[in-house]
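Note on naming: letters A, B, ... go to the chains in the order of the sequence lines (proteins, then strands), and numbering restarts at 1 for each one. As a basis for the values below, the full set of heavy atoms in this structure was taken, side chains included, without hydrogen atoms, waters or symmetry mates.
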Protein chains: 2
Amino acid sequence: MKMLSPATSAECLPAERLAERLGALSHRKRMEILRYLAASDRCCCKDVVGRLDLAQSTVSQHLKVLVEAGLVRVKPDRQRSIYEIDREALAATAQGVTALVEACCDEPQPVGCTEPRIREL
Amino acid sequence: MKMLSPATSAECLPAERLAERLGALSHRKRMEILRYLAASDRCCCKDVVGRLDLAQSTVSQHLKVLVEAGLVRVKPDRQRSIYEIDREALAATAQGVTALVEACCDEPQPVGCTEPRIREL
DNA sequence: CATCTTCATCGTCTATCGACGATAGACGAT
DNA sequence: ATCGTCTATCGTCGATAGACGATGAAGATG
């Protein structure tokens, strides 16, 4: 479904979505899973279980988090589930963080504490 | 292929630390706080409370999370606490995410599911 | 059919988050 | 000294995260 793809997909990342993705990224095991998916390009849950010292159900949960955050795609194949990293989404996330950081760095105006203006995120 | 420049402070961000910072970033209110701190350069807790629809104790907690993550500095001043955004740390965090993403994108080797190698994060 | 494999889901447990109000400490002002 | 302000912390609460084992569904395979 190609609903919308206006140029860079990074800029259409609402703050809420970015927060969700960062939440998905902010876990050591999920980072490892991502790297493994990146190295393997695509693989199934069982493969991931073998690498991490975690129960299968736990890995399944972590994968679900990553999928719901949009960082990983999943496609059923036979009795398996093939997980594939979404590099675009990952790049968009990095871009989102960079944009947030730049927004924070590009506003060095020495505004006092009483300044009543804060830009909506 | 060591393309990394050891001069960047981003590289000395261990995965655990990066995860912590992303966790700190993965909250809508804390994003707003960061942006407000960026716009105000430095301000106190009370100022932040006025902007967000949160209790003072809650804001104090969020600020604590940001400080512990190293994204914000705090300095006591009289009866106040002056909070100041750490742009370097913020930049390092963005760099860390970018590095993670690039690591995931720069490994497009079509390794099969059975490949027994996964690089340590 | 019977069995094995793979996976998602359910239930459970503990720990932590995120919010609040209340409170105490530190300080300035009166 | 007393009051008001600002802040951090405590205690509490419901919700969620993160882990596990058990179970069942869906396909293989025998």
Side-chain angles (χ1 to χ4, degrees), chain A residues 15-34 36-37 40 42-69 71-85 112-114 121, chain B residues 15-34 36-37 40 42-69 71-85 112-114 121:
Chain A
E16 205 63 64
R17 189 70 172 149
L18 178 60
E20 183 185 12
R21 289 192 175 178
L22 293 184
L25 279 179
S26 67
H27 194 286
R28 196 71 150 76
K29 298 289 189 180
R30 286 196 288 265
M31 283 191 194
E32 295 184 27
I33 291 178
L34 270 187
Y36 179 57
L37 287 184
S40 308
R42 52 210 314 276
C43 63
C44 62
C45 181
K46 169 113 195 283
D47 296 325
V48 182
V49 173
R51 315 299 164 134
L52 310 190
D53 192 21
L54 287 177
Q56 178 267 326
S57 56
T58 305
V59 171
S60 186
Q61 279 295 327
H62 280 313
L63 285 170
K64 186 179 182 181
V65 170
L66 290 171
V67 167
E68 287 178 344
L71 297 174
V72 167
R73 285 183 299 266
V74 59
K75 184 180 64 172
D77 173 79
R78 308 293 182 177
Q79 79 272 36
R80 307 190 178 201
S81 288
I82 302 298
Y83 290 92
E84 190 177 357
I85 199 170
C113 296
T114 55
L121 188 54
Chain B
E16 205 63 63
R17 189 71 172 146
L18 178 59
E20 184 185 12
R21 290 192 175 177
L22 293 184
L25 279 179
S26 67
H27 194 285
R28 195 72 151 75
K29 298 288 188 181
R30 286 195 289 265
M31 283 192 194
E32 295 185 27
I33 291 178
L34 271 186
Y36 179 57
L37 288 183
S40 307
R42 53 209 314 277
C43 63
C44 62
C45 180
K46 166 112 194 285
D47 296 325
V48 182
V49 173
R51 314 300 164 134
L52 311 190
D53 192 20
L54 287 177
Q56 178 268 327
S57 55
T58 305
V59 172
S60 186
Q61 279 295 327
H62 280 313
L63 286 170
K64 186 179 182 182
V65 170
L66 290 171
V67 168
E68 287 177 343
L71 297 174
V72 167
R73 286 184 299 265
V74 60
K75 185 179 64 172
D77 173 78
R78 308 292 183 177
Q79 79 271 38
R80 307 191 177 199
S81 288
I82 303 299
Y83 291 92
E84 189 177 357
I85 198 169
C113 297
T114 54
L121 187 53

Taking every non-hydrogen atom, the tightest pair across B:S26 and A:A19: CB-O, 3.3 Å
Spacing of A:L52 atom CG relative to C:dC7 atom P, expressed in whole Å: 13 Å
For atom CZ of A:R78 and atom C1' of C:dT5, their distance in whole Å: 14 Å
A:H62 side-chain N/O to D:dA19 phosphate OP1/OP2 under 4.0 Å: yes
Side chain proximity check, A:Y36 to A:D47, heavy atoms < 4.5 angstrom: yes
Between C1' of C:dC7 and CG of A:L54, the distance in whole Å: 16 Å
Listed partners of B:R17 passing salt bridge (charged side-chain N to carboxylate O under 4.0 Å, His left out), at least two apart: B:E20
Between CZ on residue A:R51 and NZ on residue A:K46, distance to nearest 0.5 Å: 10.5 Å
Minimum side-chain heavy-atom gap A:I33-A:L66 below 4.5 Å: yes
For B:E84, side chain to side chain contact (heavy atoms under 4.5 Å, CB included) partners two or more places apart: B:R42, B:R73
Which residue lies more 5' along DNA chain D, comparing A:D77 with A:D53 via nearest heavy atoms: A:D53
What pairs of nitrogen or oxygen atoms, one from the protein and one from nucleotides 14-17 of chain D, lie under 3.5 Å apart?
none

Pairs meeting criterion side-chain hydrogen bond (donor to acceptor under 3.5 Å, both in side chains) with involvement of residues 57-68 of chain B, two or more places apart: B:R30-B:H62
Degree of bending in the helix from C:dC4-D:dG27 to C:dT30-D:dA1 once both end axes are built from five pairs, to 10°: 10°
Whole-Å gap separating P (C:dC17) and CG (B:L22): 15 Å
A:L54 vs A:V48 side-chain heavy atoms within contact, under 4.5 Å: no
Side chain proximity check, A:L25 to A:L34, heavy atoms < 4.5 angstrom: yes
Residues that B:Q79 engages under side-chain hydrogen bond (donor to acceptor under 3.5 Å, both in side chains), provided they are two or more places apart: none
Complement of C:dC1, any strand, by Watson-Crick or G-U distances under 3.5 angstrom: D:dG30
Taking N or O atoms only and anything under 3.5 Å, show me the protein contacts with nucleotides 5-11 of chain D, one pair per line.
| from | atom 1 | to | atom 2 | distance (Å) |
| --- | --- | --- | --- | --- |
| D:dC6 | OP2 | B:K46 | NZ | 3.4 |
| D:dT7 | OP1 | B:C45 | N | 3.0 |
| D:dT7 | OP2 | B:K46 | N | 2.6 |
| D:dT7 | O3' | B:S81 | OG | 3.1 |
| D:dA8 | OP1 | B:S81 | OG | 3.1 |
| D:dA8 | OP1 | B:Y83 | OH | 2.4 |
| D:dA8 | OP2 | B:S60 | OG | 2.9 |
| D:dA8 | OP2 | B:Y83 | OH | 3.2 |
| D:dA8 | N7 | B:Q56 | NE2 | 3.0 |
| D:dA8 | N6 | B:Q56 | OE1 | 2.9 |

Heavy-atom side-chain proximity of A:V72 to A:L37 below 4.5 angstrom: yes
